[in-house]
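Worksheet: one structure, shown below.
Within every chain, numbering begins at 1; the chains are lettered A, B, ... in the order of the sequence lines, protein sequences first and strands thereafter.
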Amino acid sequence: MSDQPVAEAPQLGDVSVPELYRSGRAKQRRSQRNRIISYVVGIAVVATVVLAGDWGKIQRLYFSPGRAKDLFPEILTIATKNTLLYTAGAFIGGVSIGLVMAVMKMSPIRPYRWFATAYIEVFRGLPALLTIFIVGYGVPTAFGTQFPTIIGVGTAGPIALALVAGAYLAETLRAGVEGVPRGQLEAARSLGLSQAQTMRTVVVPQAFRLVIPPLTNELVLLLKDTALLSQLGTTAATVELTKFGKDQFQIDFNGTPFIAAGVMYLIITIPLTRLAAALERKLKASR
Amino acid sequence: MTVPAIELVDLHKAYGSNEVLKGIDLVVEAKQVVCIIGASGSGKSTLLRCVNRLEEPTGGHVLIDGVDITHPDCDLDLVRRNIGMVFQQFNLFPHLTALGNVTMAQRKVLKRSEAEANANGRAVLERVGLAEKADAFPSQLSGGQQQRVAIARALAMDPEMMLFDEATSALDPELVGDVLEVMRSLAADGMTMLVVTHEMGFARRVADHVVFMDQGVICEQGPPEQVLEHPATPRLQQFLQQVLEH
């Protein structure tokens, strides 16, 4: 008994994986080989671009500090300012239209639902640029009027963008309201809150959390879509970032203004999406 | 002669051709505790939800303190503030703290001042043993604590009567006791209660009257010792046997 060798307790790492579940050597080698190939291809592409490009010329034509300096202050005081104004106008208008359409779409009254459905289908189905032309050129011609100018910029563009955004936001907002569980409404109504009070104090605050991410997304999309307004006639005072970049490019065919305009867009959009992500995390934490 | 707190007269509810309630007559006197038992699908939750018309009856009448609340002129919002309701899934408002949950309707519906609502809110939280959780959000509370806040939320409105819809069915077994204890103390204080439950022990000890429902009708009713100890119908005998086996 005593001279029997004592079996050592097996350590967890020692236990070999049974044949049935063992990953084959061939499989491991294959996945390793695929990864090496993808790295090599990637490096080759980058190297080709770097070697083939005339970097002096690229720097001169696209990253010229002198040319960039010329863009100031107009790129900020006119172009970026106008882009922000167009975006804000379109977003506020779009949210307002979207709210009305969402409420109509959820209405028990059938003609309201029909109208909202028709509106949403039409403006989601048309290219945004066509809507911009119809509002910017078609409407003034047909009615013999001009859109008013507010804070120095035209309103036709933001109105057209608001019409399109309204169609998308109607569905976003409706999904937010319908995403609030039914039990929440029942609890509120059972306490004696009216339909309207339930909406205001229980449904809307919870729906708001649900729509923050898609709402931010729509805001970023709108900001980029203001570039389409360059297709409407603009003056030096009403120009937005993309048109500004193009106008500046045509002075001396130096591409630096495009890069500068791109940087301005990113300076606005990246913090915006970061902020939305942070807000979403914070709201989720208190849920 | 006193008017019953709740009286159901020939109550019917159907979803399309699916009849869930097939003519219910039931009386709950003031300060009485009535427990409704029965298998799932027997219509007991639907019955309870018809009492404050969260579910719209398709026939019959619901009388609260002798007033027919199925009458079209009846203002449901006014009726509901007197009838507290507790749900299986708690349905606390996740965007409000425990105190926010118990004060919101006091302020919006009863138009109490913030100070008054807060004082009363803290009192009802104290009542359910959760005074120290006033600032916690529902997500930070256990199921049992959430359900007790939900009871406090209903109590904060000073209701005349309370409806409990399987209040302990969604709880882990070890959390059921605290909630039942709160319900028992409410009953002891003379609250009128209509309770849908699977807790036979609670029904036996606390109820004044037990109702057994089966397939949309009241199959048997009476004092708990009669209904639970000496079931007359084979359906109830079978049901009790199944429940007590587990």
Side-chain angles (χ1 to χ4, degrees), chain A residues 95 98-99 102-103 106-110 113 169 172-216 275-287, chain B residues 45 48-49 51-56 75-97 100-111 135-140 146-147 149-165 170:
Chain A
V95 169
L99 263 178
V103 169
M106 291 183 288
S107 163
I109 301 160
R110 228 176 267 167
R113 290 206 301 273
L169 287 169
T172 301
L173 296 173
R174 186 171 68 103
V177 168
E178 288 179 349
V180 176
R182 194 181 150 70
Q184 292 290 311
L185 280 86
E186 291 184 347
R189 297 308 301 274
S190 77
L191 288 164
L193 270 78
S194 68
Q195 179 87 50
Q197 286 174 323
T198 301
M199 252 334 209
R200 276 199 306 273
T201 57
V202 175
V203 177
V204 170
Q206 291 185 61
F208 182 65
R209 297 167 179 217
L210 296 175
V211 300
I212 283 178
L215 224 52
T216 317
L275 177 74
L279 210 57
E280 201 189 340
R281 266 198 307 279
K282 189 166 161 262
L283 287 171
K284 208 169 261 168
S286 72
R287 229 177 137 77
Chain B
S45 280
L48 194 77
R49 291 161 58 84
V51 173
N52 64 356
R53 279 179 62 192
L54 278 185
E55 244 15 287
E56 205 57 58
D75 185 341
L76 271 184
D77 294 336
L78 292 175
V79 175
R80 283 173 175 157
R81 58 173 78 165
N82 283 325
I83 309 176
M85 183 152 188
V86 177
F87 300 86
Q88 183 176 355
Q89 298 297 339
F90 329 138
N91 297 344
L92 288 181
F93 306 128
H95 59 301
L96 301 176
T97 61
N101 268 277
V102 298
T103 53
M104 190 264 274
Q106 292 188 61
R107 307 211 39 210
K108 300 285 173 192
V109 177
L110 303 179
K111 310 292 179 199
D135 298 321
F137 281 94
S139 57
Q140 299 163 322
Q146 287 188 53
Q147 191 61 298
V149 172
I151 294 173
R153 176 175 67 178
L155 287 178
M157 302 295 286
D158 301 325
E160 262 176 67
M161 59 195 81
M162 295 272 287
L163 309 176
F164 292 85
D165 188 4

Is B:Phe87 in contact with chain A via its backbone, its side chain, both, or neither, using a 4.5 Å heavy-atom distance?
side chain

Can you say whether B:Arg153 sits under 4.5 Å from chain A via the side chain, the backbone, both, or neither, judging by heavy atoms?
both

Give a yes or no on whether A:Gln195 atom CD has more than 12 heavy-atom contacts from other residues, nucleotides or ligands under 6.0 Å away.
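Result for CD/A:Gln195: open.
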
Any side-chain heavy atom of A:Arg189 sitting closer than 4.5 Å to one from B:Leu76?
no

Is it the case that the side chain of A:Gln197 and the backbone of B:Lys108 share a donor-acceptor pair, with hydrogens and angles ignored and the cut-off at 3.5 Å?
yes

Can a donor-acceptor pair be found, under 3.5 Å and without considering hydrogens, that links the side chain of B:Asn52 to the backbone of A:Ser190?
no

Measure across A:Thr201 and B:His95 and return the closest heavy-atom pair with its distance rounded to 0.1 Å.
O-NE2, 3.0 Å

Please find the pair of heavy atoms, one from A:Gln184 and one from B:Pro94, that lie closest to each other, and give the distance.
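Closest approach of A:Gln184 to B:Pro94, heavy atoms only: OE1-CD, 3.5 Å.
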
Interface check, chain A: of B:Val79, B:Asp75, B:Asn82, B:Leu92, most non-hydrogen pairs under 4.5 Å belong to B:Leu92

Dump the intermediate steps for side chain to side chain contact (heavy atoms under 4.5 Å, CB included) on B:Met85 and A:Leu191, then the final yes or no.
CA-CA 8 Å; B:Met85 183 152 188; A:Leu191 288 164; over 6 Å; no

